[in-house]
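Sequential numbering from 1 along the given sequence is applied to the chain's residues. Note that these values count all heavy atoms, side chains included, but never hydrogens, waters or copies made by symmetry.
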Amino acid sequence: MSASDGPHPASVIDVGPSDDLQAAIDQAQPGDTIRLVAGATYTGTFTLPPKAAGDPILIRTNAPDTDLPPAGTRVRPEHFPLLAKVNAGSGSVFVAAPGAHDFHFLGLEISPTPGTFLYNVITLGDGTEPLAQQPRDIVLERCYIHGDPLAGSRRGIALNGQGISVLDSRLSDFKEVGADSQALAGWSGAGPFTIVNNYLEGAAENLMFGGADPSVAGLVPADIVVRHNHFFKPLSWKTDDPRYAGTHWSVKNLFELKNARRVLVEGNVFEQNWADAQSGFSILFTVRNQDGTAPWSQVDHVVFRDNILRHAGAGFNILGYDNNFPSQQTGNVTIRNNLLYDVADTWGGNGAFLQMLDGTSDVVADHNTVLQTGNVITGDGRPHTGFVFTNNIAPHNLYGVIGTNYGPGNSSLNVYFPVREFRRNLIPGASIAAYPADNFYPAGIGDIGFTDLSGGNYRLSDTSPYKNAGTDGKDVGADIPSVERATCGAVNGTYCPSSNPGGGGLPLGNLAGIPVIIILVAIAAVAVTLILVAWRRRRGE
């Protein structure tokens, strides 16, 4: 192991395969770079200790930047030989000690030793630290983080800190039999969290906030940006699929919030979710005081926009209050300008667009295009207040909008959604007499006037009678070009020229209805990325 002086006070510490990586981490000072040999393997549990304030310590592969995918591009299998391998046979590969801060990982493959099951491959806070000692300002960028292909692992990264960013990375093979597993999960970290341009693969929940009670009284993970990621479950996990690989991992959903506040989810592709250990809903905003000791738990101020959800058993499940322990009310949730298709009971769920349970507040569903086989909305529990359902396209199918013990349409709306706005929706197959006025009820889906329904082009054609017929003078349904721009490249981890690398430059016309703090968090995430890029360039890396 050798250190060399550069033009700046920071040092570069080269760590060979037989050198002591923990000693290098302990030795490193703010602004130093630890370089690991591309393709070499470093084994052991490595602790990130607290350091003095200063620039981040960079732990990276020694492969030159010119050989790595550029910043803003997701690491893919062809890049794996360029990565330095760091693994562990027990515990976690990297563990942040209380008070650890300012570490940046770049170009590493982080995993269990072959054949080993780990509970957390990376532990950024175990959830017991007081607020002042939570790990903070830690970035994982262009890394391949995975469980064992056969044994699985419970979790990729435990996100129990502040200022945690996961960028341009691939997280896969997080799966377990009989228990929940996630690519990313946090329950006791204050945030903010920035999760941008990753491939996320987890059997139970690909990404979840909540699921265990925070150790800090009153804590709700907050200021969360989830942008341009690919959420995916392989069909080799699906027991009735010809590609099933033989192990029945516990499958639940793609994205779940149980305790979270100020969350922006945009430009992601969510796909392949089916009924297994849960009923098949893909996106859950279901508040939970999980263990009964956190009655402050809440899901609040969530914006879910410009996403694609496809090949799934059901859409959204939204719960107003925890039905097991006391909680706060779920509220201020906006689901706008999303495209959902092949949301179908053939995936084992009930094929519904929205399930609304037990008294939510101020949930808005606006300008969504949905091709589902089940209900448009299912209601149950206490009535929902401030509900807005406008400018959506969703076929009625058998029951349309229905609540427990009531009939479709106004009968259920008046009981479960007494304070509502329900206008300018396009619900093919619904009975005009059973539903509110100022909506559209054509006979069938073929009467909508999609550009090419069979070809998957869900724009309204110029001859559609529903062009510019929304409450705002825009087309009913999603703005499909906007969804395509936001999600372009999300599956392969690149950005199209129009999809704004780094997530900056939100058009001012699209900011209405988004809490200012979410906008500021998004801007801050861009600023952090630009600062990191400039910092690396200044150091000549």
Side-chain angles (χ1 to χ4, degrees), residues 21-22 40-48 75 77 80 83-97 105 108-128 135 140 143-161 164 166 169-188 198-212 231-239 241 243-254 256 272-274 276-278 290-291:
L21 175 55
Q22 185 64 60
T41 298
Y42 301 79
T43 299
T45 294
F46 302 102
T47 300
L48 309 177
V75 69
F80 293 170
L83 310 181
K85 303 176 188 294
V86 191
N87 60 32
S90 61
S92 296
V93 181
F94 288 105
V95 177
F105 299 87
L108 304 183
E109 179 180 346
I110 307 171
S111 67
T113 56
T116 300
F117 177 95
L118 297 182
Y119 286 96
N120 296 313
V121 171
I122 299 171
T123 301
L124 302 181
D126 63 12
T128 65
L140 292 110
C143 290
Y144 173 36
I145 304 162
H146 62 92
D148 184 79
L150 297 179
S153 280
R154 176 167 294 178
R155 189 173 296 115
I157 308 175
L159 301 170
N160 294 311
I164 309 298
V166 184
S169 295
R170 181 179 179 90
L171 292 89
S172 61
D173 278 316
F174 295 104
K175 52 198 182 185
E176 189 171 356
V177 176
D180 282 12
S181 53
Q182 307 92 19
L184 298 171
W187 57 93
S188 198
N198 304 287
Y199 173 86
L200 301 174
E201 181 184 286
E205 305 91 5
N206 298 44
L207 169 59
M208 180 172 70
F209 283 95
F231 290 74
F232 188 80
K233 297 186 195 296
L235 294 177
S236 59
W237 298 352
K238 193 170 188 292
T239 57
D241 191 274
R243 287 154 284 195
Y244 178 54
T247 301
H248 188 173
W249 311 108
S250 296
V251 168
K252 287 191 172 181
N253 60 68
L254 292 165
E256 183 167 10
Q272 295 188 183
N273 190 70
W274 53 89
D276 185 272
Q278 229 169 39
Q290 191 75 31
D291 305 310

Main-chain N/O of Asn120 paired with Ser92 side-chain donor or acceptor, under 3.5 Å: yes
N/O donor-acceptor pair under 3.5 Å between Asn198 side chain and Leu200 backbone: no
Salt bridge (charged side-chain N to carboxylate O under 4.0 Å, His left out) contacts in which one or both residues fall within residues 109-119, not counting sequence neighbours: Lys85-Glu109
Distance-only donor-acceptor pairs under 3.5 Å for side chains of residues 232-239, two or more places apart:
{"from": "Lys233", "atom 1": "NZ", "to": "Gly202", "atom 2": "O", "distance (Å)": "2.6"}
{"from": "Lys233", "atom 1": "NZ", "to": "Ala203", "atom 2": "O", "distance (Å)": "2.8"}
{"from": "Lys233", "atom 1": "NZ", "to": "Asn206", "atom 2": "OD1", "distance (Å)": "2.6"}
{"from": "Lys233", "atom 1": "NZ", "to": "Asn253", "atom 2": "O", "distance (Å)": "2.8"}
{"from": "Lys238", "atom 1": "NZ", "to": "Asp240", "atom 2": "OD1", "distance (Å)": "2.6"}
{"from": "Lys238", "atom 1": "NZ", "to": "Asp240", "atom 2": "OD2", "distance (Å)": "3.3"}

Side-chain donor-acceptor pair present, Thr43, Asn87, cut-off under 3.5 Å: yes
Spacing of CD1 belonging to Ile157 relative to OG belonging to Ser169, to within rounding of 0.5 Å: 7.0 Å
Flag, side chain of Thr247 to backbone of Leu150, donor-acceptor distance under 3.5 Å: no
With Asp180 via salt bridge (charged side-chain N to carboxylate O under 4.0 Å, His left out) - residues at least two apart: Lys252
By side-chain hydrogen bond (donor to acceptor under 3.5 Å, both in side chains) - contacts of Thr116 (at least two apart): Thr113
Check: Asn160 side chain, Ser188 main-chain N or O, donor-acceptor pair, under 3.5 Å: yes
By salt bridge (charged side-chain N to carboxylate O under 4.0 Å, His left out) - contacts of Asp241 (at least two apart): Arg243
Listed partners of Glu201 passing salt bridge (charged side-chain N to carboxylate O under 4.0 Å, His left out), at least two apart: none
Aromatic plane relationship, Phe46 with Phe94 - under 30° parallel, 30 to 60° tilted, over 60° perpendicular: tilted
